[in-house]
Trainee: 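My structure is below; once you've seen it, I'll send some questions.
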Amino acid sequence: MIGELEQLNRGLDQLVQERTVALREREAELQAQNMRFDAALKNMPYGLCMFDRDERVIVRNERYSEMYGLSPGQTAPGVTLRSILDARIAGGHSPENGSAYITQCLADVRRSEPYYSEIAMRDGRTFAVNHRPMPNGGWVGIHQDITAQKRAETQITYMARHDGLTSLANRAVLLEKMEEAVARLKRHGNRFTIFMLDLDLFKMVNDSLGHPVGDELLKLVARRLSECIRETDAVARLGGDEFAILATADDNQRDAAIALASRLLEAVAAPYDLDGHQLNIGTSVGIALAPEHGTEVHQLLKNADLALYKAKSEGRDAYRFFEDAMGVEARTRRAHQIELRDALANDEFELHYHPIIDIKTGETASIEALIRWRHPQRGMIAPLDFIPLAEETGLINPIGDWVLRKACSDAVRWPSHIKVGVNLSAVQFRKACPIDNFRKALDESGLPPERLELEITESVLLQNNVEHVETLHQLRLMGISIVLDDFGTGYSSLSYLRMFPFDKIKIDRSFVHELARNADCAAIVSAVAGLGASLRIGTVAEGIETGDQLLLVHAAGCTHAQGFLFGRPCPAAELTFERLVGGKQQSKVA
């Protein structure tokens, strides 16, 4: 019996020991879990606070207290939610209306429903709160500081609606405001006006002084435009140097539009002082009146843009109202553009040639290539009627390449001392490698470079003189002669003679035409001829139509002459190269 009791006691002791070990292991595991839980609470980036059904704190982490500027005692277990909210308001860590916030917060937690809210704090911070009820009552709240995120979102929203350079509204905002204006127009009859603006000579600033100066100029223009409008108006940058303004209309809409357009022209035209440079630009303005010129957003924008195009084509630095005829012109221009594109593919272009005579010898020195368009319905079209459209649309590049190749292939059949002159526009100079086109045309035709003359106007140098002058030097090194056309009609012709050693300068026909009747014109021709002689540059008098004019330009010192006196431009097959005597051809050019 005693043995059985001893055995039973030993069993009980062993069981107690096992349970003690198990309890200790369980206690250690719980302690480890608590440590991990504490570490998680302490290191989580969010504030956490758990409340029971009586709205008292069960557990919270340090981040929660820190976010709201509370001491550990103010958020200790057992403290009520109301006490915490009162402490937050007292410390300034709450929205502006503290009492309303407390009322709303208590109502939210008592609904026992999950919710998410964003709280704008007095100090500018924004907190997000995720509220999750617990099954037995109470809840868990996760509090996150989303200030940086909200600021980033605000910045992204701002950037999506504003121009990054000038901070003006962008196209999206303009369209939005126009939609609102159209709605007010249709609902209440509130009229408004759309202005489209495009800066004049801005590209020259960008090309000559660089994009940083151009950007600063755009900022100043944006500021001036903003100063011209009222608070009820809006100005937007649409891209590049293009701007738009939406203006609410006064009683006399047209007069008010004229007044604002005049202010805009004056403001933009005032001189700018940037980086030590005195800059002068202008702007062109197109105006569309709503509802007179349309009641839909895109219709008004299109009509204002057509008016802008008219203002620019008529000389710039002016405003124009939309007119119905502008729509007809635009459709016609579009049709002509399509026809112009097809003309090259359909071989409708041809070259006519006009001789340039050496006045001293009476012989043909060179022949200028002049493009013509033989339209299947409209007949022969002169360059002035389609070259501007070709330049505007970029078609001048393939057309110019065709002219160059055709002129070289024709000229290679002429007497070896006669050169061929080809005109090159400023638009063609903006191509990446114009020099390659010349090399290719000369190689394919077999024409020596010394027999090719390139005629340019000062607009080539005006737009980007550094790069363009370098291109001209490279062409001249190849052996190509460079001729400055329309000399005397621009602003800086004399300065270009210092910039580049031209082989010839062509005196504009406007001076020659008045030579016999206007002493000033005679003096100008003589001065230019004398300047050419001193610089060893040949001078070509354009527009010679009579023998008297030929005698006068010869007496003035011009070395070459060109004009109808020596025949009208004609196809290559009709050219003859007879010597001229006394201004009359022995064998007339047809």
Side-chain angles (χ1 to χ4, degrees), residues 118 120 150 153-198 218 221-265 267-268 283-311 319-331 334:
E118 294 183 0
K150 296 299 291 185
E153 290 174 358
T154 301
Q155 180 67 17
I156 291 172
T157 301
Y158 181 87
M159 292 172 62
R161 295 175 58 81
H162 292 79
D163 173 55
L165 178 65
T166 64
S167 296
L168 294 178
N170 60 14
R171 183 182 293 272
V173 174
L174 175 69
L175 294 176
E176 179 183 300
K177 290 185 177 295
M178 286 186 66
E179 292 284 2
E180 295 170 356
V182 166
R184 289 193 297 271
L185 172 67
K186 294 179 178 179
R187 191 178 301 116
H188 306 295
N190 296 341
R191 294 170 298 167
F192 64 95
T193 305
I194 297 298
F195 300 78
M196 296 286 284
L197 299 88
D198 189 273
L218 287 173
V221 170
R223 188 181 308 163
R224 292 185 183 184
L225 296 180
S226 299
E227 292 171 351
C228 289
I229 65 174
R230 301 165 297 185
E231 291 184 1
T232 54
D233 303 336
V235 57
R237 182 186 178 210
L238 305 184
D241 60 343
E242 188 176 6
F243 299 84
I245 292 174
L246 185 157
T248 54
D250 293 329
D251 292 337
N252 193 322
Q253 185 179 12
R254 185 172 287 265
D255 286 351
I258 291 173
L260 178 52
S262 299
R263 292 200 304 273
L264 295 171
L265 291 174
V268 175
T283 187
S284 300
V285 183
I287 307 171
L289 307 174
E292 181 180 343
H293 299 145
T295 57
E296 300 298 335
V297 170
H298 294 291
Q299 179 188 19
L300 288 165
L301 286 175
K302 182 189 74 172
N303 290 346
D305 202 45
L306 289 173
L308 171 62
Y309 179 86
K310 191 68 172 179
Y319 64 84
R320 290 291 180 271
F321 285 92
F322 170 75
E323 298 172 1
D324 290 338
M326 295 176 184
V328 176
E329 290 177 7
R331 290 189 292 273
R334 174 60 180 164

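Below, each value reflects all heavy atoms present in this structure, side chains not excepted, and no hydrogens, waters or symmetry copies.
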Trainee: Pick out which of I258, T193, L308 makes a side-chain contact (heavy atoms from CB on, under 4.5 Å) with I287.
Mentor: T193
Trainee: Determine whether a donor-acceptor pair (N or O, by modelled atom type, separation under 3.5 Å) exists between the side chain of D233 and the backbone of T248.
Mentor: yes
Trainee: Determine, step by step, whether K310 and E323 satisfy the side-chain contact (heavy atoms from CB on, under 4.5 Å) criterion, reporting the C-alpha distance in whole Å, the side-chain angles of both residues, the deciding distance to 0.1 Å, and the verdict.
Mentor: CA-CA 10 Å; K310 191 68 172 179; E323 298 172 1; over 6 Å; no
Trainee: Testing the basics here: between A244 and M196, what is the closest heavy-atom pair and its distance to 0.1 Å?
Mentor: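 Shortest heavy-atom contact: CB-SD, 3.9 Å.
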Trainee: Not counting sequence neighbours, which residues clear side chain to side chain donor-acceptor pair (under 3.5 Å) with K177? List them please.
Mentor: none
Trainee: Please report the interatomic distance CZ(F195) to CG(L260), rounded to the nearest 0.5 Å.
Mentor: 4.0 Å
Trainee: Could you report the tightest heavy-atom contact between T166 and A222, atom names first, then the distance?
Mentor: CB-CB, 3.6 Å
Trainee: As a quick check of understanding, evaluate side-chain contact (heavy atoms from CB on, under 4.5 Å) for T295 and V182, giving each step before the final call.
Mentor: CA-CA 7 Å; T295 57; V182 166; 5.6 Å; no
Trainee: Return the CG to CZ distance between L174 and F243, rounded to the nearest 0.5 Å.
Mentor: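 That separation rounds to 13.0 Å.
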Trainee: Should the heavy atoms of other residues, nucleotides or ligands under 6.0 Å from CZ of R224 be counted, would the total exceed 12?
Mentor: yes
Trainee: Taking NZ, NE, NH1 and NH2 as the nitrogens, is one of them in E153 or K150 under 4.0 Å from a carboxylate oxygen of the other?
Mentor: yes
Trainee: When rounded to the nearest 0.5 angstrom, what distance separates CE in M178 from CG in L301?
Mentor: 4.0 Å
Trainee: Among residues two or more places apart or on two chains, list those pairs meeting side chain to side chain donor-acceptor pair (under 3.5 Å) that have a residue in residues 179-191.
Mentor: K186-E296
Trainee: What do you reckon, is CG of D324 surrounded by more than 12 foreign heavy atoms closer than 6.0 Å?
Mentor: no
Trainee: Assess the residue pair T283 and V221 against the criterion (side-chain contact (heavy atoms from CB on, under 4.5 Å)); give the C-alpha distance rounded to whole Å, side-chain angles, the decisive distance to 0.1 Å, and a yes or no.
Mentor: CA-CA 10 Å; T283 187; V221 170; over 6 Å; no
Trainee: To check you understand the geometry: which heavy-atom pair defines the closest contact between S226 and V235, and what is its length?
Mentor: OG-CG1, 3.6 Å
Trainee: For the atom pair CG (L306) and CE (M326), what is the distance rounded to the nearest 0.5 Å?
Mentor: 8.0 Å
Trainee: State, to 0.1 Å, how close L289 and A257 come at their nearest heavy-atom pair, and which atoms those are.
Mentor: CD2-CB, 4.1 Å
Trainee: If you round to the nearest 0.5 Å, how far is CG of D198 from CG of D241?
Mentor: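 These two atoms lie 4.5 Å from each other.
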Trainee: Does a sphere of radius 6.0 Å around CG in D255 hold more than 12 heavy atoms from other residues, nucleotides or ligands, not counting ones at 6.0 Å or beyond?
Mentor: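 Yes, enclosed.
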Trainee: Rounded at 0.5 Å granularity, tell me how far CZ in R223 sits from CG in L168.
Mentor: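 Nearest 0.5 Å value for the CZ-CG distance: 11.0 Å.
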Trainee: Does the pair D305 and E242 meet the rule for a side-chain contact (heavy atoms from CB on, under 4.5 Å), with working shown?
Mentor: CA-CA 10 Å; D305 202 45; E242 188 176 6; 3.8 Å; yes
Trainee: Can you check whether I194 reaches H293 side chain to side chain, under 4.5 Å on heavy atoms?
Mentor: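 Not in contact.
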Trainee: On the 0 to 90° scale, with breaks at 30° and 60°, tag the H162-Y158 ring pair as parallel, tilted or perpendicular.
Mentor: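 Because their plane-to-plane angle is under 30°, the rings of H162 and Y158 count as parallel.
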